[in-house]
Amino acid sequence: MAARLIGRVLDRGFYARDARSLAPLLLNKILVHHDPDAGRLAVRIVEVEAYAGAEDEGSHGFRGLTKRNAAMFGPPGHLYVYFTYGMHWCANVVAGEDGLSSAVLLRAAAPVTGIETMRTRRAAARTDTDLCSGPARLTQALGLAGGHDGTDLTLTRAAVRLLDDGVPPPTDPTVTTRVGLRSGRGDEYPWRFFVPDDPNVSHGPKQ
DNA sequence: TTTCGGATTCACT
DNA sequence: GTGAATCCGAAAT
């Protein structure tokens, strides 16, 4: 029933570019979680935000290395998963060279495989386009949490992987400012990218 | 040790 | 469109 997923694992060099360059390239990539409880879950990424290193006040890395954000400072191609608002997990892909604190936040996706599991986990979702239409919704639907912080996405046996299945990123992605940042703390940078007119994109500022 | 505020979501008006 | 829920990490004391 489920269509066979064919795709190649992206290599380290793909992730090594800076976050602003990497972010739009992640659009239309496939995020797969081999969930020990639910089997294979997969989504197609449709919305991302770039967080760029030490000079970006909106980035967790702005205030330097801490135990929480250590994955951001590590080598590219790993997951950075953090807890926020006392109840939500958000997942990032680490970008840039080892030692730089840059990452791309995965904000929204389109369900591909395991939709029944996602509907169960996202009971509040009224429609399938609400299953992954926000950074914390995405992690909840896929079952990602703090235990996945630091996962190497480039390992073929990793529980979480990012695949290129041949669908290219949009040639003209929509670009806006980032969501949820305080005024003057990096909210002015146009570093949010999403697939134009995709119904799974989160409800952010004017699109 | 205490305080502060958050890369959000959901229910409700 | 508005506000409550909810708790951890980091900064301040």
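To find a chain, count down the sequence lines: A is the first, B the second, and so on, and within it residues start at 1.
- Taking atom NZ on A:Lys67 and atom C1' on C:dA11, their separation rounds to 18 Å, with Å as the unit.
- In this entry the distance linking CD of A:Glu188 with P of B:dA7 reads 15 Å, nearest Å.
- For the OP1/OP2 pair of B:dC10 and a distance below 4.0 Å, the side-chain nitrogens and oxygens of A:Arg137 include at least one atom meeting the criterion.
- Listed nucleotides: B:dT8, B:dA11, C:dC8. Nearest to the side chain of A:Ala124: B:dA11.
- Ionic pairing of A:Arg122 and A:Asp130 is not present here: no N-O contact between side-chain nitrogen and carboxylate oxygen is shorter than 4.0 angstrom.
- Rounded to whole Å, atom P of C:dC8 lies 16 Å from atom NE2 of A:His60.
- Per the geometry, CD belonging to A:Glu47 stands 13 Å off C1' belonging to B:dT8, to the nearest Å.
- Under the 4.0 Å criterion applied to side-chain N and carboxylate O atoms, A:Asp56 and A:Arg178 are assigned as salt-bridge partners.
- Here A:Tyr85 does not pack flat against the base of C:dA5, since the 5.5 angstrom centre distance and 30 degree tilt limits are not both met.
- Looking at the side chain of A:Ser59, the nearest of the listed nucleotides B:dA7, C:dA10, B:dT8 is B:dA7.
- Base pairing of B:dC10: its partner is C:dG3, meeting the Watson-Crick or G-U wobble criterion (both donor-acceptor distances under 3.5 Å).
- Distances were taken from every side-chain heavy atom of A:Arg68 (C-beta onward) to each of C:dG9, C:dC7, B:dT8; the shortest belongs to C:dG9.
- One can place NE2 of A:His88 at 7 Å from P of B:dC10, the figure rounded to the nearest angstrom.
- In this entry the distance linking CZ of A:Phe62 with C1' of C:dG9 reads 17 Å, nearest Å.
- Between A:Arg185 and B:dA7, a side-chain N or O to OP1/OP2 separation shorter than 4.0 Å is absent.
- The one candidate from A:Asp164, A:Leu162, A:Leu26 that meets the side chain to side chain contact (heavy atoms under 4.5 Å, CB included) condition with A:Phe14 is A:Leu26.
- Considering only side-chain N and O atoms, A:Arg122 lies under 4.0 angstrom from the phosphate OP1 or OP2 of B:dC10.
- Checked against B:dA7, C:dA11, B:dA11, the side chain of A:Arg63 finds its nearest nucleotide in C:dA11.
- Residue A:Met87 has its side chain nearest to C:dT6 when only B:dC10, B:dA7, C:dT6 are considered.
- For A:Phe83, the listed nucleotide lying nearest its side chain is C:dC8; candidates were B:dC10, C:dC8, B:dA7.
- Between A:Tyr82 atom OH and C:dC7 atom P there is a gap of 18 Å when expressed in whole angstrom units.
- Annotation: side-chain contact (heavy atoms from CB on, under 4.5 Å) contacts of A:Ala50 (sequence neighbours excluded): A:Ala19, A:Arg20, A:Ala23, A:Trp191.
- Using cut-offs of 30° and 60° for the angle between ring planes, the A:His60 and A:Tyr80 rings count as perpendicular.
- Atom-to-atom, CG of A:Leu144 to P of B:dA7 comes out at 19 Å; the value is rounded to the nearest Å.
- Using a 4.0 Å heavy-atom cutoff across all strands shown, A:Gly134 reaches sugar-phosphate atoms only and no base atom.
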